[in-house]
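The next block holds one structure in the form of C-alpha cells; read it before the comments.
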There are 2 protein chains.
Amino acid sequence: MTVGRAVVTGEPVGSCADYEEDCGIREVLDRIGDKWSVLVIVELAQGVRRFRALQRAVPGISQRMLTLTVRRLERDGVISRTVHATIPPQVEYELTATGHSLTHLVKALADWSAEHHQVIADARRRWDTANPDSGIR
Amino acid sequence: MTVGRAVVTGEPVGSCADYEEDCGIREVLDRIGDKWSVLVIVELAQGVRRFRALQRAVPGISQRMLTLTVRRLERDGVISRTVHATIPPQVEYELTATGHSLTHLVKALADWSAEHHQVIADARRRWDTANPDSGIR
DNA sequence: CAGCATCCTTCTCGATACTG
DNA sequence: CAGTATCGAGAAGGATGCTG
C-alpha cells in the first residue's frame, strides 16, 4: 500500500518508508514549505502580476529571494513567466492550472490554521512557561 | 477581510499583508514544512510510539533531530509525551486531538501530491532540459 | 524594469561523545 | 532507553552593486 493510494481511497496512511518512496508530498512541501512561495502564490491567485508588483505585494521579500522563488515555481510548472520585449522590460507572472489547483491546498492549510492557531498559540505559551530556558522554538 | 474568514466562507484569499497578519498558516507551515515533523506525524498516526521505535520507523533521522522534532511538536500541542519512571526509562509519544486533526491536513497534502507529482516532475525535467546550468533547484 | 553576481552573516543539521 | 552537549560543515538568506 502506498500513501498515494491510501489517501485517495481514504485508507490510513502507510509507513514512513512507503511515504518517502511513493508519494510526491516531499516535492510539494519543499516548495510550499518555504515562506515566500506561499505568499507569491497567494498574490498570484489575484491575477497576473509583474515582477515589481509582486515584490511590492509581498512585504519584506528581497529581490534575490523573489527571483529564486519565481524561478523555482516556474520550474515546477506552478507559475508561468511571460517576457514582453519592451523598453523598459516587462515580465508577467501568472498561475498555471497546476498553480490554481495549489491555491485550494493553500486554502486547506489556511482553514486548518484558522481553526487551530489559537489552540497552538496557547499550547506554546503554556509550554514556554513550563519550560523556560529549554532553547526549543 | 482575513484569509481565515475568506477561506472558511469560501471567498477568495485576501492580500499577502492580511495573510501574514491574521492567519496562523505560518505557524503551521513552519512545523509541517520540515521533513521530519511530517514523517513523525505519519508514524504516530499509527498509534503510540516510544522514542527508539520512532527513530527506527523514520529512516535516516538522527537522534538529535528526532529529539528536536518531538519537542517542537509537543510544544505545539500536536503530540503528547508520557514518561514512565521505569528502568530502563520508557517514554511514549502520541498524537493529541490537534495532532490527529493534523493528519487530515497531511492527507490533503498527500492527495494533492499524488494527483500532481507526475505533472510537476515532468515540468521540472522540461525546465532542467531547457535551462541546463541555471543553478535553480 | 527585471534581473544577475558577490559577499557575508545566520541558521540548520549531522556527527560524535557523554549521562541518568 | 532516552536523552543532553558540543562542534563543524553547509545551506539559506539579506545587503549591495552592476547590467541589458
Side-chain angles (χ1 to χ4, degrees), chain A residues 20 26-27 29-40 43-44 48-75 79-94 127 130-137, chain B residues 16 20 26 29-40 43-44 48-75 79-94 127 130-137:
Chain A
E20 288 244 86
R26 254 298 111 213
E27 300 175 350
L29 282 174
D30 283 344
R31 195 56 55 236
I32 72 166
D34 72 297
K35 181 173 185 171
W36 303 124
S37 290
V38 182
L39 295 176
V40 167
E43 179 61 24
L44 287 181
V48 178
R49 292 289 186 275
R50 296 176 58 174
F51 188 88
R52 288 289 300 168
L54 271 180
Q55 189 168 10
R56 274 188 293 268
V58 180
I61 194 169
S62 66
Q63 189 183 52
R64 173 183 147 79
M65 287 315 296
L66 181 55
T67 300
L68 282 175
T69 301
V70 293
R71 283 297 176 284
R72 293 199 266 244
L73 290 174
E74 188 196 359
R75 174 172 180 257
I79 69 177
S80 66
R81 178 174 177 270
T82 309
V83 180
H84 300 278
T86 57
I87 295 178
Q90 180 168 346
V91 179
E92 289 180 331
Y93 294 94
E94 189 173 6
W127 202 92
N131 312 46
D133 14 280
S134 67
I136 301 292
R137 298 280 113 67
Chain B
C16 286
E20 288 245 85
R26 255 297 110 212
L29 282 174
D30 284 343
R31 196 55 57 235
I32 72 167
D34 72 296
K35 180 174 186 171
W36 303 125
S37 290
V38 182
L39 296 176
V40 167
E43 179 60 24
L44 286 181
V48 178
R49 291 290 186 276
R50 295 175 59 173
F51 188 88
R52 288 288 301 168
L54 271 180
Q55 190 169 10
R56 275 188 294 267
V58 179
I61 194 170
S62 67
Q63 192 182 47
R64 173 183 147 78
M65 287 315 294
L66 180 55
T67 300
L68 281 176
T69 302
V70 292
R71 283 294 176 287
R72 292 199 264 243
L73 290 174
E74 188 197 359
R75 175 172 179 256
I79 70 178
S80 66
R81 177 175 177 270
T82 309
V83 180
H84 300 278
T86 58
I87 295 177
Q90 181 170 346
V91 179
E92 289 180 332
Y93 294 93
E94 189 174 7
W127 203 92
N131 311 47
D133 16 276
S134 67
I136 300 291
R137 299 277 121 44

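Numbered from 1 within each chain, the chains take letters A, B, ... in sequence-line order. The structure displayed is predicted, hence computed values, not measured ones.
Rounded to 10 degrees, the angle separating the terminal axes of the helix from C/dC1-D/dG20 to C/dG20-D/dC1 is 50°, with each axis obtained from five end pairs.
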For residues 50-68 of chain A, please give each side-chain donor-acceptor pair under 3.5 Å, one per line with the distance, not counting sequence neighbours.
| from | atom 1 | to | atom 2 | distance (Å) |
| --- | --- | --- | --- | --- |
| A/Arg52 | NH1 | A/Gln55 | OE1 | 3.3 |
| A/Ser62 | OG | A/Met65 | N | 3.2 |
| A/Thr67 | OG1 | A/Gln63 | O | 3.0 |

Assign a letter to each nucleotide of nucleotides 4-20 of chain C from its 5' end: B, base within under 4.0 Å of a protein heavy atom; S, sugar-phosphate only; -, no contact.
B-B------BBB-B--B
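For A/Asp30, the side chain to side chain donor-acceptor pair (under 3.5 Å) test picks out A/Arg26, with sequence neighbours left out. Legend: residues meeting side chain to side chain donor-acceptor pair (under 3.5 Å) with B/Arg49, ordered by chain and number and at least two apart, are B/Glu43.
Annotation: side chain of B/Ile79 is in contact with side chain of B/Leu44 (closest heavy-atom distance under 4.5 Å). Residues B/Ser37 and B/Thr69 are in side-chain contact: their nearest non-hydrogen atoms beyond the backbone lie under 4.5 Å apart. A heavy-atom distance below 4.5 Å is found between the side chains of B/Trp127 and B/Ile136.
Nearest heavy-atom pair, A/Arg72 versus A/Arg31, reported as atom, atom and distance to 0.1 Å: CD-NH1, 3.5 Å.
Taking CZ from A/Arg71 and CD from A/Glu74, the interatomic distance works out to 6.0 Å, rounded to the nearest 0.5 Å. A distance of 3.5 Å separates CD of B/Glu92 from NE2 of B/His84, quoted to the nearest 0.5 Å.
C/dA2 atom C1' lies 9 Å from atom CZ of A/Arg50, rounded to whole Å. Distance A/Gln90 CD to C/dG3 C1': 15 Å, rounded to the nearest Å.
A sub-4.0 Å separation between OP1 or OP2 of C/dA2 and a side-chain N or O of A/Arg52 is absent. Within the 4.0 Å cut-off from OP1 or OP2 of C/dG3, at least one side-chain nitrogen or oxygen of A/Tyr93 is found.
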Check the pair B/Lys35, A/Leu29 against side chain to side chain contact (heavy atoms under 4.5 Å, CB included), reporting the backbone distance first and the verdict last.
CA-CA 8 Å; B/Lys35 180 174 186 171; A/Leu29 282 174; over 6 Å; no
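When DNA chain D is scanned in the 5' to 3' direction for atoms under 4.0 Å from non-hydrogen atoms of chain B, the outermost contacting nucleotides are D/dC1 to D/dT6.
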